[in-house]
2 protein chains.
Amino acid sequence: MDPFLLAAIEEAELGLAEGGIPIGSVLVHDGAIVGRGHNRRVQKGSTVLHAEMDALENAGRRSARFYRECTLYTTLSPCPMCSGAVVLYGIPRVVIGENRSFMGEEQWLCSHGVALEVRQDERCIGLMRDFMHDNPTLWAEDIGE
Amino acid sequence: MDPFLLAAIEEAELGLAEGGIPIGSVLVHDGAIVGRGHNRRVQKGSTVLHAEMDALENAGRRSARFYRECTLYTTLSPCPMCSGAVVLYGIPRVVIGENRSFMGEEQWLCSHGVALEVRQDERCIGLMRDFMHDNPTLWAEDIGE
């Protein structure tokens, strides 16, 4: 299995074990993980630290050139906020664990020239399916619904 | 002067006094400020806490219904990330201090039905003009350029 998607899944599972929303993400540069994170809504009371944002935050301050050599991995299709961060920093490629549970702003990302790969990974799908079934109110809050 | 835009400007000036990027924002609900913030790139080494994100974070966890009754004030036209947060949470109205120094994703916001008011406020314009002149590298980093 892709070790970077696996690392994102491990982040999602860590979030779940903390009582949080099981979405994980890693930022990869030159074959190495430079930032990893998971959704922190429950853990930190955060409305902005979706998994992708947490990974970007944990990667620290980087140059535009650096971001343009990165791939962002995420277990779930990125919402408008996280997609906006990808566009802001000019990240050229996003690998998405699955988009069956939630379809983010994939079309908008494509329109900005971002290359997307959707893996439809069964482990990612299972994590979200179970979480959404058990926590519909929390999930709705996370996506502003 | 609009007291909410003034509060956003005060946040921007607070950020400048801290050695940071002078952009401020407040989230307003039912005639009251429920979250205020400013850009934290320098102060916290944050890549995600643009002013609007900081204001949203400081407003805490809210329901979708709450956000749909809010107005977000920001001293500068919102970048793709901050615009994405507005779309995610369904904030219906954004008041923008100015868009002469930087044009964000205003068209995309409009396409999502967000009502925008651009004030072209001289104080907002002056803050960014001076900052961009004195700190071009830091400003470029903040907008991924």
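Proteins come first, then strands; the chains are lettered A, B, ... in the order of their sequence lines, and each starts at number 1. No hydrogens, no waters, no symmetry mates; every other heavy atom, side chains included, goes into these values.
In this structure, B:Ser83 OG and A:Met81 CE are separated by 13.0 Å, a value rounded to the nearest 0.5 Å. The CD atom of B:Glu57 lies 8.5 Å from the NZ atom of A:Lys44; values are rounded to the nearest 0.5 Å.
Applying a 4.5 Å heavy-atom cutoff, the residues of residues 89-116 of chain B that approach chain A are B:Tyr89, B:Glu105, B:Trp108, B:His112. Applying a 4.5 Å heavy-atom cutoff, the residues of residues 134-145 of chain B that approach chain A are B:Leu138, B:Glu141, B:Asp142, B:Ile143, B:Gly144, B:Glu145.
Highest contact tally toward chain A, considering only B:Pro80, B:Ala85, B:Cys79, is held by B:Pro80 [criterion: heavy-atom pairs under 4.5 Å]. No other option in A:Arg41, A:Met53, A:Arg68 has as many heavy-atom pairs under 4.5 Å with chain B as A:Arg41.
Linking Ile, Leu, Val, Met, Phe, Trp and Tyr whenever their side-chain heavy atoms come within less than 4.5 Å puts A:Met1 and A:Val28 in one cluster. A continuous path of hydrophobic side-chain contacts links A:Val86 to A:Val118 [ILVMFWY only; heavy atoms under 4.5 Å]. In the hydrophobic cluster analysis, where Ile, Leu, Val, Met, Phe, Trp and Tyr join through side-chain heavy atoms closer than 4.5 angstrom, B:Val42 is grouped together with B:Leu76. Taking hydrophobic clusters as Ile, Leu, Val, Met, Phe, Trp and Tyr residues chained together by side-chain heavy-atom distances below 4.5 Å, B:Leu72 does not share a cluster with B:Leu14. The same ILVMFWY cluster, assembled from side-chain heavy atoms under 4.5 Å apart, contains both B:Phe66 and B:Leu56.
Heavy atoms only, all atoms of each residue included: A:Leu88 and B:His50 are closest at CD2-CE1, 3.7 Å.
With a 4.5 angstrom heavy-atom cutoff, A:Arg65 does not touch chain B via any of its atoms. Contact annotation for A:Thr47: both backbone and side-chain heavy atoms come within less than 4.5 Å of a heavy atom of chain B. Contact of B:Ser46 with chain A is made through backbone and side chain together, with heavy-atom distances under 4.5 Å.
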